[in-house]
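Following: one structure in structure tokens, then a few remarks.
Please read these numbers as outputs of a predicted model, since none were measured by experiment. Chain letters run A, B, ... following the sequence lines, proteins first and then strands; every chain starts at 1.
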There are 2 protein chains.
Amino acid sequence: MTQDDFTETVTADDVATLAGVSRWTVNRAFKPEASISEKTRTKVMAAAQQLGYVPDLQAASLASDRSNLVALLVDDFANPHKLVMMEKLTRILRQNRWDTLLVNTLDAEDATSALLTASQRRVDAAVLIGVQFDDQVLKTALGARRVRKLILFARQSENPNTISICCDDQAAMTTIADYVIAQGYQRPLFLAGPQTVSAHLHRKETFVARWQAAKDHPCPVIPVGAYDPDLAYQTVAERLQGLTDSNRPDVLVCENDALAMGAIDALRYELGLQVPQDIAVTGFDDAPLAASPHYRLTTYRQPLADMVQGLVQVLKGETPDTPLTGFEGELIIRASA
Amino acid sequence: MTQDDFTETVTADDVATLAGVSRWTVNRAFKPEASISEKTRTKVMAAAQQLGYVPDLQAASLASDRSNLVALLVDDFANPHKLVMMEKLTRILRQNRWDTLLVNTLDAEDATSALLTASQRRVDAAVLIGVQFDDQVLKTALGARRVRKLILFARQSENPNTISICCDDQAAMTTIADYVIAQGYQRPLFLAGPQTVSAHLHRKETFVARWQAAKDHPCPVIPVGAYDPDLAYQTVAERLQGLTDSNRPDVLVCENDALAMGAIDALRYELGLQVPQDIAVTGFDDAPLAASPHYRLTTYRQPLADMVQGLVQVLKGETPDTPLTGFEGELIIRASA
DNA sequence: TTGTAAGCGTTATCAC
DNA sequence: GTGATAACGCTTACAA
């Protein structure tokens, strides 16, 4: 049933013997930058081909202390936007010869043990794209770690020992705020994520401040316990139940698309309201379904590909082209606001 | 900026010296099954704790020829159902001390090189959850590989050198077919995925045969070029455009939820039809949004957790509790059909 | 129960 | 440009 007929491992020594060169020469043949004569290389490669030799990365990383492995810690598989991030990260990292270790981090408490796992594999960096990695977790993690670089992707961090790669959230949210104001909305409601996240986004603060500055009255905020559409659905349904046209908000500014989609569903199916006629909605992320006919969500798209390129530069130890926390995205205007 | 202050690596030797034992004893202290006196273990663990020692898995797998690494090859990040699979796989594998290497396989051609990467990491198994891994790819892959086990997850394979873990697709589709028939639908249309996939699902064949047997007339089939909602949208919009109530199908049986959702959107937003009043729709997978108020999709849920347990048993070399290609899921009846 | 010695397949260093 | 030799940190015998 199982097929344990695996070919016995061919080592560089075997190839060396066949090609009549030293092991180290075989090694060199496999590195593009190595100084080796073209003739020898061809000979070695022919021998390698014949034996089916491929260099063993485990051994290589043991000897070189570079694993070419990046751990990707994800704690929020409910958000389809994560799929987009993972796709971009894995693809571009692989193009640059990094492999990705996907670690499913159950909760904040688990994050430390997840990082431990990563460090045991000697990853070159741990990239966090979760929502639950607050400063406490980061602190613990940094204490116990043997991880070279701790990178927060698409999220700001106050912890100086971590590297943050994200777009300028203030600028982004200001763009949204200005758009909302320009559209003439009068009674915004900000739908925020969990308030326990300390490594957070500043989106709420930025919007609220901007609104206050422009209109001279505060913008109310309601928090949702998780970045989860279902929870957003419930929260919005409860909160807006029974309000009249005049005391109901006329625009729902959401901290991300997951919340926005849950909100739209609640407005439509629980409250019988039309978006954007009765109430407008904005999101953040441009997640996969944001463009679908159900939502046609006005949202903000981060330059993910560029951000991943920034990550690659960090991994390579190069100086990034763009300030790592200053990427600029774009407002995607659709029908929802 | 970067923090390359990484603690210099602590080895088992360091711990051994501090604890006054041999390296091998340190090693033993870290394996649950090892025969070691409780006293020595405590002493060793204390020393390890003090120095911040954790065993190096790279070195361990080099020496032991077991990596405790599984490569997960995914080629279809557009499907949110993949997120569910990844979540289950990574979580349960990690519970069983396997780490997951996520490999983004761009296309069928890339699969071979992806497998090569995996083999260079000496993975214990490669798990394929893609749609493009046809028999040709598998054949090539198996030729050049140094991968111990090649596992097709949630998909059948004709290739005897691979291990397939999936539910009984015939039984599943028969369940759907019988439900559709019992509901009294008269003019089904089967919406199939790409027809180039040779390691395919038998869903189409099963439904078509069942329908033919029950109603004595054929069920038409239209293929969609990819398991992509947008493509399904276009295909359905074009195909059903201009049909009258009487010559239009009354039920759309879709090979998976991604297609079904695209189809529903097309029916609703392009053709102005109501689901299920004007036309019913069924899916397959019970993907994240299947339950949402937009779709309320009648679909089929595979027992993913059990299937992953089966995978774990395969990895451990145990005899599986359930026949690996005979898992049973359940029909989830919602409003769409 | 514990220790010793010889690998595992690379890379790094330094000669030639 | 090429080759010997010593790491890298662990596991696998086998011996004590």
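For B:Trp24, counting side-chain heavy atoms from C-beta on, the closest listed nucleotide (C:dA12, D:dA13, C:dT10) is D:dA13. Minimum atom distance to the side chain of B:Val21 is reached by C:dG3, of the listed D:dT2, D:dG9, C:dG3. Closest to the side chain of A:Ala12, from the set C:dT2, D:dG9, C:dT10, is C:dT10. The side chain of B:Arg23 approaches C:dA6 more closely than any other nucleotide in the set C:dA6, C:dT2, D:dG9. Closest to the side chain of A:Thr11, out of C:dT1, C:dT10, D:dG9, is C:dT10. Between C:dG9, D:dA4, C:dG3, one nucleotide has an atom nearer to the side chain of B:Leu62 than all others, and that is C:dG9. Of the candidate nucleotides D:dG9, C:dT10, D:dT2, D:dG9 has the atom nearest to the side chain of B:Ala59. Among C:dT10, C:dG3, D:dC10, the nucleotide with an atom closest to any side-chain atom of B:Ala60 is D:dC10.
At least one donor-acceptor pair closer than 3.5 Å links the side chain of B:Ser64 to the backbone N or O of B:Ala60.
The residues B:Arg91 and A:Asp110 are annotated as not salt-bridged, no charged nitrogen and carboxylate oxygen being separated by less than 4.0 angstrom. Salt bridge annotation for A:Asp99-B:Arg121: present, with a cationic side-chain nitrogen under 4.0 angstrom from a carboxylate oxygen.
Here D:dT2 presents its P atom at 7 Å from CZ of A:Arg28, a figure rounded to the nearest Å. As rounded to whole Å, 19 Å separates atom P of D:dC8 from atom CG of B:Leu57. Atom CZ in A:Phe30 sits about 17 Å away from atom C1' in D:dT2, given to the nearest Å. Between the CG atom of A:Asp14 and the P atom of C:dG9 there is a distance of 9 Å, given to the nearest Å. Between the CD atom of A:Glu38 and the C1' atom of D:dT2 there is a distance of 16 Å, given to the nearest Å. The distance from atom CG of B:Asp13 to atom P of C:dT4 is 11 Å, rounded to the nearest whole Å. Following rounding to the nearest Å, A:Asp56 (CG) and C:dG7 (C1') show an atom-to-atom distance of 14 Å. Remark: P of D:dT2 and NZ of A:Lys43 are 8 Å apart, rounded to the nearest angstrom.
Side-chain contact check for B:Leu152 versus B:Ile165: every heavy-atom pair is 4.5 Å or farther apart.
Taking the centre and axis of the six-membered ring of B:Trp98, the NZ or CZ atom of B:Arg94 falls outside the cone set by 45° and 6.0 Å.
For C:dT2, the OP1/OP2 oxygens have a side-chain nitrogen or oxygen of B:Thr40 closer than 4.0 Å. Of the side-chain N and O atoms in B:Ser22, none sit less than 4.0 angstrom from OP1 or OP2 of C:dT2.
Both B:Ser37 and A:Ala63 lie near DNA chain C, and the one whose nearest nucleotide falls closer to the 5' end is B:Ser37. Ranked by how close their nearest DNA chain C nucleotide is to the 5' end, B:Ser64 and B:Arg41 are led by B:Arg41.
Within 4.0 Å of A:Ser61, counting heavy atoms only, lies no atom of the nucleic acid at all. At the heavy-atom level, B:Lys31 lies under 4.0 Å from the strands shown only through sugar-phosphate atoms.
No side-chain N or O of A:Thr100 forms a donor-acceptor pair with one of A:Thr90 less than 3.5 Å apart.
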